[in-house]
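Numbered from 1 within each chain, the chains take letters A, B, ... in sequence-line order. Values below: every heavy atom of this structure, side chains too, minus hydrogens, waters and symmetry copies.
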Number of protein chains: 2
Amino acid sequence: MQFSKSTGYALHALIHLALSERGHNIGIKPLATSLGVSESYLSKIMSKLRQDGIVRAVTGASGGYELARSADQITFLEVIHVIEGRQQLFECLNGNAHLQKEFSAIADLSGRKECLVQKVMNGAELQMQQYLQANTIQSVIDSGSIE
Amino acid sequence: MQFSKSTGYALHALIHLALSERGHNIGIKPLATSLGVSESYLSKIMSKLRQDGIVRAVTGASGGYELARSADQITFLEVIHVIEGRQQLFECLNGNAHLQKEFSAIADLSGRKECLVQKVMNGAELQMQQYLQANTIQSVIDSGSIE
DNA sequence: TCTATTGTAGATCTCTAATATCCATTATAG
DNA sequence: CTATAATGGATATTAGAGATCTACAATAGA
Ligand code: SF4
Ligand code: SF4
């Protein structure tokens, strides 16, 4: 289990945009060159970020990308969600439909909708998400502001 | 990004073993049937758990698996590490060898070995790991003891 | 208006890791 | 001995990530 390379590229591209002057578009070419990735591939990633309202894109001559909001309004969690999707890290094996009596005590206890295995795994994910939500693109620019 | 199905099977198999009487081996057949997975596949997973000292295996007639330690000594984190491997969730894009001046402020500041992007991503992973370390197979059996 | 520039979207290809199965071998209880 | 059961290696299958190409749409500036 690892974060995809796309997530890494997205985060780095956003930092790049955040470090440039405001109101100044950066094209896919310098961005791709700087990150060491192809323009075609990075443009897919940037499109996703645009569709989710994280960056603005301007087509045509002297176009390019810029942040759609200030860097401190873009959390790591949101970027990761856009690129990786929003499914849970842990997927229940049988959709909570337990037939085995051994597991019924764990899964169905007092009609809970989340079994104890899921409670642990989802709890762990939540811990990570809270941290990722507390840190923004601005956090890595102001070296002091990492939570 | 998701936990592999193997990790789910491993956790569920361990809970199964923990719920059975002590000193009583459980074979791969009932285990696989109960989890709804093939014997061949599950046996690979069990072998990994054995190599890491989480379960004991007995070959031959009336053999099978049992926990190698008490259930409260088997953390979620350890099981996940055995099955998923121990690489970090976030992999640095260029092995910290930065040429682009825009990133040098973030990556190389005061000769740190971990850049600020990595600091956030690894920090997030650590949050999750601490939670997974605090919860054991016993936690899901004693419904009250989830951290 | 014309043209060069630049992002968009769809199709498609490759590559890797996860998933899954099969079989020959080893070990052990009875 | 023999039936049983785990092991390790080889191998097949699949899904998703990674990557590229091309036709198209939009825009700035000549
Ligand atoms: S024990 Fe929980 S996570 Fe596992 S299959 Fe049942 S409901 Fe799903
Ligand atoms: S900014 Fe940090 S994570 Fe990104 S490539 Fe540089 S050293 Fe690696």
By nearest atom, which of the nucleotides [options] is closest to the [X] side chain?
| X | options | answer |
| --- | --- | --- |
| B:Y9 | C:dT19, C:dA20, C:dT8 | C:dA20 |
| A:S47 | C:dT8, D:dG8, D:dA6 | C:dT8 |
| B:A61 | D:dT20, D:dA17, D:dT4 | D:dT4 |

Length of the line joining [X]:[atom1] and [N]:[atom2], which is rounded to integer Å:
| X | N | atom1 | atom2 | answer |
| --- | --- | --- | --- | --- |
| B:L42 | C:dC22 | CG | P | 16 Å |
| A:I28 | D:dT22 | CD1 | P | 18 Å |
| A:M46 | C:dG7 | CE | P | 9 Å |
| B:N25 | C:dT28 | CG | C1' | 12 Å |
| B:L17 | D:dA6 | CG | C1' | 14 Å |
| A:E39 | D:dC21 | CD | C1' | 13 Å |
| B:Y41 | D:dG8 | OH | P | 17 Å |
| B:E91 | C:dA17 | CD | P | 10 Å |

B:Q2 side chain vs A:Q88 backbone, donor-acceptor pair below 3.5 Å: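 Yes, the answer is positive, given that a donor and an acceptor are paired below the 3.5 Å cut-off.
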
Under 3.5 Å donor-acceptor, B:Q127 side chain and A:Y131 backbone: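 Between the backbone of A:Y131 and the side chain of B:Q127 there is no qualifying donor-acceptor contact (under 3.5 Å).
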
Residue B:E91 excluded, over 12 heavy atoms near CD under 6.0 Å: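 No, CD of B:E91 has 12 or fewer neighbouring heavy atoms, counting only those of other groups under 6.0 Å.
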
Within the structure, does a side-chain N or O atom of [X] lie under 4.0 Å from either OP1 or OP2 of [N]?
| X | N | value |
| --- | --- | --- |
| B:S4 | C:dA17 | no |
| B:S38 | C:dT21 | yes |
| B:S6 | C:dT19 | yes |
| A:Y65 | C:dT8 | yes |
| A:Q51 | C:dA9 | yes |
| A:R50 | C:dA9 | yes |

Under 4.0 Å, counting only non-hydrogen atoms across every strand here, what does [X] touch: a base, just sugar-phosphate, or nothing?
| X | answer |
| --- | --- |
| B:V37 | nothing |
| A:Q2 | nothing |
| B:S62 | sugar-phosphate |

First of A:S43 and A:V58 reached from the 5' end of DNA chain D, by closest nucleotide: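 In this pair, the answer is A:S43.
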
Side-chain donor/acceptor contact of A:K44 with base of C:dG10 under 3.5 Å: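 Indeed, a donor on one side and an acceptor on the other fall under 3.5 Å apart.
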
Qualifying residue for side chain to side chain contact (heavy atoms under 4.5 Å, CB included) with A:L77, from A:Q133, A:Q130, A:M128: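 Of the listed options, the one satisfying the test is A:Q133.
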
Donor + acceptor pair across side chains of A:S139, A:T136 (<3.5 Å):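 Side chains of A:S139 and A:T136: pair found under 3.5 Å.
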
Aromatic ring pairing A:Y41/A:Y9, orientation class (parallel under 30°, perpendicular over 60°, tilted between):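 Rings of A:Y41 and A:Y9: perpendicular, as their planes differ by over 60°.
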
